[in-house]
Amino acid sequence: MTGIVDWSIEDLGVAGVVRPVVRAPDPVLAAPGEPVDPNDPEILRLAADLVATMRVSPGCVGLAAPQIGVSAQVFAVDVTGHPKARTVHGTFVLCNARLVEASQWQKGREGCMSVPDLTGDVKRAGRVVVAGALPGKSETQFTTDGFEARALQHEIDHCTGLLFLDRVAGAHAIHTRKVYL
Amino acid sequence: MPDDARVDELAITVIGRDRPGIIADVAEVLAGLGMNLTDSTMTRLRGHFAMTLICTGAADASPSLEDVEAAIAPLTADGSLIATVSRVHPESAPEAPGGHYVLSVHGADRLGIVASVTRGLAEFGGNITDLTTRLSNSLYVLVAELDLPAGTDVDMVHERLSAVARALGVEVTLRPAETDVL
Ligand SMILES: [Zn+2]
């Protein structure tokens with residue numbers, strides 16, 4: 001089993017291309033993504049594109065394949081430097097990820113590049129164990145908490161066709177980012 | 001409705017162009033009349049200020065509806081605000097609670113989303129207690145909190161709402177509401 005700390009973006013062996021980010025109500029965001037072969041060269045390219053697109057997007061801490069129009073269970077996360085982050089695993093991509101354990105539920109506000117003008121209060125596990133495959137490597141499993149745990153749950157949701165809008169806590173839990181004047 | 005002038009509860013709505021101080025103006029008028037502002041909700045809807053509230057007067061010295069209207073009139077004189085004052089009956093005891101749920105609907109904006117979804121809920125006796133909609137470019141979002149009568153087959157409600165959503169081409173989720181007691 002390859003540890004997540006041993007993996008790096010260079011392991012993909014391919015340069016990523018910045019792709020346009022699709023916005024709700026694009027149907028690709030509501031479709032459950034297909035499981036993928038983490039060693040498929042096309043998936044390595046997809047992983048590199050996700051990282052490249054995430055890195056050029058200000059404030060972006062995670063990006064899932066459906067957000068660049070690909071209905072697949074792949075996402076990139078990087079919460080490095082985020083003020084709410086505790087445990088940080090740097091930049092990584094996961095395929096076919098799933099929650100193995102979830103605890104310490106807490107409400108927090110989150111946004112999404114595919115829903116740019118709204119934010120929502122969503123209850124997420126503050127501590128998770130996540131399993132999945134690192135692209136080009138084998139299965140891995142790791143524990144994280146805080147904001148990285150929240151980001152992982154948000155991205156796993158994308159891979160199953162869910163947005164934060166599907167999980168907001170109540171009628172007063174969605175907020176407009178934009179001020180209409 | 002009782003014909004006496006004594007006010008039990010007044011419902012007041014204020015809608016208009018947003019500016020600092022609207023809430024202070026309305027609250028001061030009500031305080032000046034000895035009215036207690038009980039339940040209220042105030043928000044901005046596409047930049048318009050919107051306020052709905054219930055207020056009650058003291059049992060011995062409650063102002064009449066006409067007194068309240070007259071006191072609020074100066075706030076609406078320049079035409080930037082619309083206010084209504086109505087007498088309402090105190091709320092009867094709430095029904096025995098069933099299940100509390102949160103409903104999310106989102107998709108491309110189109111005519112009739114709120115009507116179709118809320119009708120689907122009403123068919124099951126679902127009572128919406130709070131509802132927000134937002135239009136963000138072409139994305140329409142509806143989030144509602146609702147109560148379903150005890151014994152409701154929630155799977156059937158979900159099936160019905162999914163059928164409504166499919167017909168509208170929107171996404172729907174129905175989840176039990178989380179009630180945190182801390
Ligand atoms: Zn997102």
Side-chain angles (χ1 to χ4, degrees), chain A residues 20-33 66-67 71 102-126 153-154 156-181, chain B residues 17-20 41-50 100-110 113-114 117-118 127-147 158 161-162 165-166 168-182:
Chain A
V21 174
V22 302
R23 293 182 174 187
D26 192 307
V28 71
L29 294 168
Q67 295 183 274
S71 193
S103 58
Q104 300 176 12
W105 296 83
Q106 46 203 234
K107 216 176 272 183
R109 193 166 289 192
E110 53 191 74
C112 179
M113 279 188 75
S114 297
V115 188
D117 299 329
L118 299 173
T119 61
D121 302 321
V122 181
K123 203 169 185 188
R124 301 281 193 192
Q153 290 163 85
H154 180 110
I156 290 172
D157 272 356
H158 271 304
C159 291
T160 61
L162 290 176
L163 298 175
F164 75 84
L165 300 172
D166 296 302
R167 293 201 189 269
V168 288
H172 294 281
I174 53 169
H175 313 279
T176 313
R177 261 194 222 266
K178 199 182 287 177
V179 177
Y180 294 99
L181 288 173
Chain B
R17 193 169 68 230
D18 198 20
R19 63 168 169 79
T41 175
M42 309 175 195
T43 190
R44 289 211 308 181
L45 303 173
R46 268 202 131 59
H48 305 280
F49 174 80
H100 307 297
Y101 294 85
V102 179
L103 172 76
S104 299
V105 178
H106 58 88
D109 183 30
R110 56 168 291 176
I113 294 176
V114 179
V117 170
T118 56
N127 188 32
I128 295 169
T129 55
D130 221 322
L131 183 147
T132 297
T133 66
R134 289 282 182 259
L135 176 63
S136 171
N137 298 310
S138 62
L139 173 67
Y140 194 79
V141 180
L142 176 160
V143 183
E145 292 168 36
L146 59 109
D147 298 335
H158 198 260
L161 292 175
S162 298
R166 265 196 305 280
L168 292 163
V170 299
E171 304 304 315
V172 63
T173 52
L174 181 68
R175 295 169 193 280
E178 310 261 6
T179 30
D180 298 315
V181 182
L182 294 173

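Everything numeric in this text was worked out from a predicted model, so none of it was measured. Below, read A as the first sequence line, B as the second, and so on, with proteins coming before strands; counting in each chain starts at 1. Hydrogens, waters and symmetry mates are skipped; everything else that's a heavy atom, side chains included, is used.
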Using 0.5 Å steps for rounding, measure from the CG atom of Leu118(A) to the NE2 atom of His106(B).
11.0 Å
When Thr173(B) is tested against each of Val168(A), Leu165(A), Asp166(A), Leu163(A) for side chain to side chain contact (heavy atoms under 4.5 Å, CB included), which residue passes?
Asp166(A)
Check whether Ala177(B) gets within reach of chain A through its side chain, its backbone, both or neither, counting any heavy atom under 4.5 Å.
neither
Under a 4.5 Å heavy-atom cut-off, does chain B meet the side chain of Leu29(A), its backbone, both or neither?
neither
Distance-minimising heavy-atom pair for Pro25(A) and Ala108(B):
CB-N, 3.3 Å
Of Ala30(A), Gly161(A), Gly170(A), the largest count of non-hydrogen pairs under 4.5 angstrom with chain B goes to Gly170(A)
Given a strict heavy-atom distance threshold of 4.5 Å, which part of Ala169(A) is in contact with chain B: side chain, backbone, both, or neither?
backbone
Is it the case that over 12 heavy atoms from other parts of the model lie below 6.0 angstrom from the CZ atom of Arg175(B)?
yes
Top contributor to chain A interface from Thr43(B), Val143(B), Thr129(B) [non-hydrogen pairs under 4.5 Å]:
Val143(B)
Rounded to the nearest 0.5 Å, the CG atom of Leu139(B) sits from the CG atom of Asp26(A) at a distance of 11.0 Å
Identify which part of Leu131(B) has an atom lying under 4.5 Å from any heavy atom of chain A, answering side chain, backbone, both or neither.
backbone
When the 4.5 angstrom heavy-atom criterion is applied to Val102(B) and chain A, the contacting part is side chain
Distance in Å, Arg134(B) CZ paired with His175(A) NE2, rounded so as to fall on 0.5 Å steps
9.5 Å
